[in-house]
Amino acid sequence: MEKAINRQKVLLNHLQPISSAVLENHDAPLSASICLAGDSSSYQRASGYADDVVVVAACRTPLCKSKRGSFKDTHPDDLLAPVLKALIEKTNINPHEIGDIVVGTVLAPGSQRASECRMAAFYAGFPETVPIRTVNRQCSSGLQAVADVAAAIKAGFYDIGIGAGLESMTVNPMAWEGSVNPRVKDFLQAQDCLLPMGVTSENVAHRFGVTRQEQDQAAVESHRRAAAATASGKFKDEIIPINTKIVDPKSGDEKPVTISVDDGIRPNTSISDLAKLKAVFKKDGTTTAGNSSQVSDGAGAVLLMKRSVAMQKRLPVLGVFRTFVAVGVDPAIMGVGPAVAIPAAVNAAGLELDDIDLFEINEAFASQFVYCCKKLNLNPENVNVNGGAMALGHPLGATGARCVATLLHEMKRRGKDCRFGVVSMCIGTGMGAAAVFERGDVVDDLCNARKVEANAFLSSDVQ
């Protein structure tokens, strides 16, 4: 009982406005209320309800194979612009009201990508008065962008912002430019920051006993679920069709095309097919091209604002941003990041793992994905229910925003049976990140709050 009360206190604390002095006494009695979602974490909302940071729209491009997929001839800024524009069109928000746009991006030179993002904002119809910047925390950059915007809104810097992600691994392949500081030889963990990601995958598989069979099976399931989700139209709410071109490499002829589906999904992937693939990073290893994330191009964007603003504009709430955590882990086994970050984020939200109904965990490699799920004892039926990066692809900077869009739209479809969701990923050089979201309509119109009956507490002159 005491444990449950402490969790309710944490949850109530999240809901307080930053400037609130009235609710500083956390020892006040707590009054539980009936939650429409029906789980044990129901609580009566405090006056901070209006200060929630909420997501009102989230979308993405299709994800396409780099260098040989449908976006091989598409400029990066032409991937970002359509998703930024779609947020405005879906909500009818005046673009002048956007306080900032933060774009997660990894591989491109910083100043060039920053300029491309600014150009994309102009393509999308944003005025010159709306600022934009980039952020790079490797594979979590898109999620970091969303978290940065949420934090800025919570801090009162602005009321409406966009967290986005962008990567063209066709235009900017993974590579180290310049020399490496010789000082790195004196620091083992610094050396491990330079390990190829595939080597860290082999380290995880070896250290924690993740078999080739388990990894290949995870890949098969990822493709199966992604193919099923595509066939049933589940991605239509989150994918923005992109008008672009395909250039014939021989003739140079350009063909206009509209891309509306992810092009890396292989519905017929089988264990027997994957078993034929050779290990890429280590002799007699277990990490192959088939059980690793795909190298991809894509973009995603998430529109966030204060709940009070969303209510004023009569915008439906897709999700509520609850917490974000980034953690550090051993660079040599960077893939374990989600196993550390997820419990930390869930705990910060005043919840337990059993309270989480859905997980979107980036499948950088099957080895680390399988390990993290087993370590946290997650129900496979609640993790990456529409496939993951092994099937859909992993455009580094965009993945976080893509996962947020996929998670929130799936939570909306599931309704009252799905209240809390988590997005998480491992991060190169040894980190992990995770964020907790709550389904939007759980608390719309104060539906979690106990109905206030008529009372005689008001004086006659204010009735």
Next on the checklist: Side chains of Thr429 and Gln138: any donor to acceptor distance under 3.5 Å?
Outcome noted: no
Checklist entry - Is there a donor-acceptor contact under 3.5 Å from the side chain of Asp263 to the main chain of Ser70? => result yes
Item to check | Heavy-atom pair of closest approach, residues Ile259 and Cys64 | outcome: CG2-SG, 3.9 Å
Checklist entry - Nearest heavy-atom pair of Pro395 and Gly298: which atoms, and what distance? => result CB-N, 3.8 Å
Checklist entry - Is atom CD of Gln189 surrounded by more than 12 heavy atoms (other residues, nucleotides or ligands) closer than 6.0 Å? => result no
Checklist entry - Taking the side chain as C-beta and beyond, is there a heavy-atom pair between Met169 and Leu396 under 4.5 Å? => result yes
Checklist entry - How long is the span from the CD1 atom in Ile240 to the CG atom in Leu87, to the nearest 0.5 Å? => result 8.0 Å
Checklist entry - Could you walk me through whether Ile132 and Val103 pass the side-chain contact (heavy atoms from CB on, under 4.5 Å) check? => result CA-CA 8 Å; Ile132 191 167; Val103 184; 3.9 Å; yes
Next on the checklist: Assess the residue pair Gln215 and Thr286 against the criterion (side chain to side chain donor-acceptor pair (under 3.5 Å)); give the C-alpha distance rounded to whole Å, side-chain angles, the decisive distance to 0.1 Å, and a yes or no.
Outcome noted: CA-CA 8 Å; Gln215 294 174 60; Thr286 58; 2.9 Å; yes
Item to check | Ala58 backbone acceptor or donor facing His409 side chain under 3.5 Å | outcome: yes
Checklist entry - Is Lys282 salt-bridged to Asp284, going by a charged N under 4.0 Å from an acidic O? => result no
Next on the checklist: Check whether Asn136 reaches the backbone of Val106 with its side chain - one donor and one acceptor, N or O, closer than 3.5 Å.
Outcome noted: yes
Checklist entry - Do the non-hydrogen side-chain atoms of Leu407 and Phe437 ever get within less than 4.5 Å of each other? => result yes
Checklist entry - Is Arg439 reaching over with its side chain to a backbone N or O of Gly415, donor-acceptor style, under 3.5 angstrom? => result yes
Item to check | Validation row: Thr61, Phe71 side chains within 4.5 angstrom (heavy atoms) | outcome: yes
Item to check | Short side-chain donor-acceptor distance under 3.5 Å, Arg113 and Asn172 | outcome: yes
Checklist entry - So does Lys65 have more than 12 non-hydrogen atoms from other groups sitting under 6.0 Å from NZ? => result yes
Item to check | Glu381: side-chain contact (heavy atoms from CB on, under 4.5 Å) partners, not counting sequence neighbours | outcome: Arg225, Asn379
Item to check | Heavy-atom neighbours of Lys236 NZ exceed 12 at 6.0 Å | outcome: no
Next on the checklist: Going by the rule side-chain contact (heavy atoms from CB on, under 4.5 Å), which residues pair with Ser168 if we only count those two or more places apart in sequence or in a different chain?
Outcome noted: Pro76, Thr170, Val171, Asp297
Item to check | salt_bridge(Asp52, Arg322) N-O dist < 4.0 Å | outcome: yes
Checklist entry - How far does CD1 of Ile361 sit from SG of Cys372, to the nearest 0.5 angstrom? => result 6.5 Å
Checklist entry - Counting distance only, does the side-chain N/O of Asp357 pair as donor-acceptor with the main-chain N or O of Phe420 below 3.5 Å? => result yes
Item to check | Expected output: side-chain Ser222 to main-chain Gly387 donor-acceptor under 3.5 Å | outcome: no
Next on the checklist: Using only atom types and a distance under 3.5 Å, with no angle test, would you say the side chain of Glu363 pairs donor to acceptor with the backbone of Met390?
Outcome noted: yes
Checklist entry - Val102 pairs by side-chain contact (heavy atoms from CB on, under 4.5 Å) with which of Val149, Val302, Val146? => result Val149
Next on the checklist: Run the side-chain contact (heavy atoms from CB on, under 4.5 Å) test on Leu274 and Asn291 for me, step by step, so that the C-alpha distance in whole Å, both residues' side-chain angles and the decisive distance to 0.1 Å come before the verdict.
Outcome noted: CA-CA 8 Å; Leu274 293 181; Asn291 58 34; 5.6 Å; no
Checklist entry - Any side-chain donor-acceptor pair under 3.5 Å between Ser367 and Ser201? => result yes
Item to check | Arg60 NZ/CZ over Phe235 ring centroid, <6.0 Å and within 45° of normal | outcome: yes
Item to check | The single option from Met334, Gln144, Arg137 passing side-chain contact (heavy atoms from CB on, under 4.5 Å) against Ile427 | outcome: Arg137
Checklist entry - Has the side chain of Gln368 got a donor or acceptor atom that lies under 3.5 Å from a matching backbone atom of Phe365? => result yes
Checklist entry - Taking NZ, NE, NH1 and NH2 as the nitrogens, is one of them in Arg307 or Asp51 under 4.0 Å from a carboxylate oxygen of the other? => result no
Checklist entry - Does Leu304 reach the side chain of Ile162, with side-chain heavy atoms less than 4.5 Å apart? => result no
Next on the checklist: Checking the side chain of Asp262 only, and the main-chain atoms of Gly264 only, is there a donor and an acceptor separated by less than 3.5 Å?
Outcome noted: no
Checklist entry - Can a donor-acceptor pair be found between the side chains of Thr200 and Asn203 at a distance below 3.5 Å? => result no
Item to check | Heavy-atom check, side chain of Leu408 versus side chain of Val55, under 4.5 Å | outcome: yes
Item to check | Test item: side-chain donor near acceptor, Thr399 and His394, under 3.5 Å | outcome: yes
Checklist entry - Any idea which heavy atoms bring Asp192 and Asp330 closest together, and the distance? => result OD2-OD1, 4.3 Å
Item to check | Leu195 vs Pro331 side-chain heavy atoms within contact, under 4.5 Å | outcome: no
Checklist entry - Atom CG in Leu378, atom CG in Leu376: separation rounded to 0.5 Å? => result 5.0 Å
Next on the checklist: Quick check for you: to the nearest 0.5 Å, what is the distance between Thr105 atom OG1 and Leu80 atom CG?
Outcome noted: 9.0 Å
Item to check | Arg414 vs Val385 side-chain heavy atoms within contact, under 4.5 Å | outcome: yes
Item to check | Donor-acceptor contact present, side-chain Glu410 to main-chain Asn386, <3.5 Å | outcome: no
Checklist entry - Do Leu353 and Phe359 touch side chain to side chain, with heavy atoms closer than 4.5 Å? => result yes
Next on the checklist: When you compare the side chains of Thr74 and Thr244, does any donor N or O come within less than 3.5 Å of an acceptor on the partner?
Outcome noted: yes
Checklist entry - If you measure from CZ on Arg207 to CD on Glu202, what distance do you get to the nearest 0.5 Å? => result 13.5 Å
Item to check | Lys/Arg N to Asp/Glu carboxylate O, Arg133 vs Asp148, below 4.0 Å | outcome: yes
Item to check | Between CG on residue Leu143 and CE on residue Met425, distance to nearest 0.5 Å | outcome: 5.0 Å
Checklist entry - Can a salt bridge be assigned to the pair Arg402 and Glu360 using a cut-off of 4.0 Å between side-chain N and carboxylate O? => result yes
Checklist entry - Going through the checks in order, is the side-chain contact (heavy atoms from CB on, under 4.5 Å) test met by Thr288 and Arg212? => result CA-CA 9 Å; Thr288 71; Arg212 171 71 180 268; 3.5 Å; yes
Checklist entry - After noting the C-alpha distance and the side-chain angles of Phe208 and Ile333, does the key distance pass the side-chain contact (heavy atoms from CB on, under 4.5 Å) rule? => result CA-CA 10 Å; Phe208 301 108; Ile333 50 171; 4.1 Å; yes
